[in-house]
Student: 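First the structure, then my questions, so here it is.
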Amino acid sequence: MELTHTRLLVDCFKECFIFYRDVMGLEPIWGTEEGRYADFNAGNTTLALFDRKSMAEAINESYSVDDHFNDRTVIVFQVNDVDKSFLELKGTVNFISEPVSRQYGIRSLNFRDPAGNLIELYHEIPME
């Protein structure tokens, strides 16, 4: 398992994209300020931005811009095989989602740590 991303979930995607690109000086390596998802080169890891509502929808949770309990961060780990990790962790964590293939080229699953922090495991798959 390798920590690859810290994903910030934001309600003001364009403003945050511009902030991390122009103020913090991070190089965008995927996505644009007009999108809903972006990756920035942050040295040995990736800082990702994702529209908070889109993340809630991806894990089938309710969303409200005024809900301060919606997630703000996701810790993202790359694994060799999400389905194998699912079977290994079954019974030890409460999954939010079973493994699912996403249209943007990953297979992923989500669960929470004991403090409630959102965690994602993924591996890359061919884009359809």
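Every heavy atom of this structure was used, including side-chain atoms; hydrogens, water molecules and symmetry mates were not.
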Student: Within the 4.5 Å heavy-atom criterion, are F17 and F40 side-chain neighbours or not?
Tutor: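 F17 vs F40: side chains touch.
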Student: Go through the steps to decide whether R72 and D11 satisfy the test salt bridge (Lys or Arg N to Asp or Glu O under 4.0 Å), and finish with yes or no.
Tutor: CA-CA 9 Å; R72 303 285 180 168; D11 289 313; 3.7 Å; yes
Student: Has the side chain of H123 got a donor or acceptor atom that lies under 3.5 Å from a matching backbone atom of V79?
Tutor: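 No, H123 side chain to V79 backbone: no donor-acceptor pair under 3.5 Å.
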Student: Does any non-hydrogen side-chain atom of N110 lie less than 4.5 Å from one of F95?
Tutor: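 Heavy-atom side-chain distance check fails, nothing below 4.5 Å.
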Student: Between W30 and Y37, how do the two ring planes meet: parallel, tilted or perpendicular, split at 30° and 60°?
Tutor: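 Perpendicular, since the angle between the ring planes exceeds 60°.
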Student: Between T6 and L47, is there a donor-acceptor pair closer than 3.5 Å when you use the side chain of the first and the backbone of the second?
Tutor: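 No, the answer is negative, given that no donor and acceptor are paired below the 3.5 Å cut-off.
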Student: State yes or no: do V100 and I96 share one hydrophobic cluster built from I, L, V, M, F, W and Y residues joined by side-chain heavy-atom distances below 4.5 Å, directly or via other members?
Tutor: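 Cluster IDs for V100 and I96 differ.
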Student: Just to verify, what does E98 make a side-chain hydrogen bond (donor to acceptor under 3.5 Å, both in side chains) with, not counting sequence neighbours?
Tutor: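 Here no residue qualifies.
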Student: Could you tell me the separation between the CG atom of L121 and the OG atom of S108, rounded to the nearest 0.5 Å?
Tutor: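 Taking CG in L121 and OG in S108, the distance rounds to 9.0 Å.
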Student: Would you give the length of the straight line joining atom CD1 of I119 to atom OG1 of T73, rounded to the nearest 0.5 angstrom?
Tutor: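 The OG1 atom of T73 is 12.0 Å from CD1 of I119, to the nearest 0.5 Å.
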Student: Supply the atom-to-atom distance E27 CD to D39 CG, rounded to the nearest 0.5 angstrom.
Tutor: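 Between atom CD of E27 and atom CG of D39 there are 11.5 Å.
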Student: Under a 4.5 Å side-chain heavy-atom rule over Ile, Leu, Val, Met, Phe, Trp and Tyr, are L109 and L87 clustered together?
Tutor: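 In one cluster with L109: L87, yes.
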Student: Rounded at 0.5 Å granularity, tell me how far CD in Q78 sits from CD in E2.
Tutor: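 The CD atom of Q78 sits 6.0 Å away from the CD atom of E2.
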Student: Do T32 side-chain atoms and E34 backbone N/O form a donor-acceptor pair below 3.5 Å?
Tutor: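 Yes.
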Student: Determine, stepwise, if the pair V76 / Y122 fulfils side-chain contact (heavy atoms from CB on, under 4.5 Å).
Tutor: CA-CA 8 Å; V76 183; Y122 80 97; 3.5 Å; yes
Student: Looking at every heavy atom in both A56 and S62, which two are closest together, and how far apart are they?
Tutor: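 Closest pair (atom of A56, atom of S62, distance): CB-O, 4.0 Å.
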Student: Under the salt bridge (Lys or Arg N to Asp or Glu O under 4.0 Å) rule, what do R107 and E120 come out as? Steps first, then yes or no, please.
Tutor: CA-CA 10 Å; R107 186 157 175 80; E120 180 171 294; over 6 Å; no
Student: Given side chains that start at C-beta, do those of M55 and D51 come closer than 4.5 Å, heavy atoms only?
Tutor: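 No - every pair of side-chain heavy atoms lies 4.5 Å or more apart.
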Student: Do K84 and L89 have side-chain heavy atoms sitting under 4.5 Å apart?
Tutor: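 Answer no - side chains too far apart.
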Student: Any non-hydrogen side-chain atom of L118 less than 4.5 Å from a side-chain atom of F111?
Tutor: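 No, side chains not in contact.
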Student: Between I75 and R7, is any pair of side-chain heavy atoms under 4.5 Å apart?
Tutor: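 I75 vs R7: side chains apart.
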Student: Decide yes or no for L49 and F13: does some side-chain heavy atom of the first lie under 4.5 Å from some side-chain heavy atom of the second?
Tutor: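 The answer is yes, as the side chains (C-beta and beyond) meet within the 4.5 Å cut-off.
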Student: Report yes if some heavy atom in the side chain of L9 is under 4.5 Å from a heavy atom in the side chain of V74; otherwise report no.
Tutor: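 Counting from C-beta outward, L9 and V74 do come under 4.5 Å.
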Student: In terms of hydrophobic clusters joined by side-chain contacts under 4.5 Å, are F86 and F77 together?
Tutor: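 Yes, same cluster.
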Student: Using modelled atom types and a 3.5 Å cut-off, is there a donor and acceptor pairing between side-chain atoms of S97 and backbone atoms of I59?
Tutor: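 No, because the side chain of S97 does not come within donor-acceptor range (under 3.5 Å) of the backbone of I59.
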Student: List the steps, then state whether side chain to side chain donor-acceptor pair (under 3.5 Å) holds for Y63 with S54.
Tutor: CA-CA 9 Å; Y63 167 82; S54 297; over 6 Å; no
Student: Spell out, yes or no, whether I29 and Y20 are grouped together once hydrophobic residues are joined by side-chain heavy atoms under 4.5 Å, including indirect joins.
Tutor: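 No, I29 and Y20 fall in different hydrophobic clusters.
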Student: What distance do E57 atom CD and R36 atom CZ have between them, rounded to the nearest 0.5 Å?
Tutor: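 It comes to 7.0 Å.
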Student: Between R21 and E15, does at least one N-O distance fall below 4.0 Å, as a salt bridge requires?
Tutor: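 Salt bridge flag = no for E15 with R21.
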Student: Give a yes or no on whether N94 atom CG has more than 12 heavy-atom contacts from other residues, nucleotides or ligands under 6.0 Å away.
Tutor: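 Not more than 12 within 6.0 Å, no.
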Student: Do I125 and Y104 share a hydrophobic cluster, counting only Ile, Leu, Val, Met, Phe, Trp and Tyr and linking them when any side-chain heavy atoms are less than 4.5 Å apart?
Tutor: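 No; tracing contacts between hydrophobic side chains, which count when under 4.5 Å, never links both residues.
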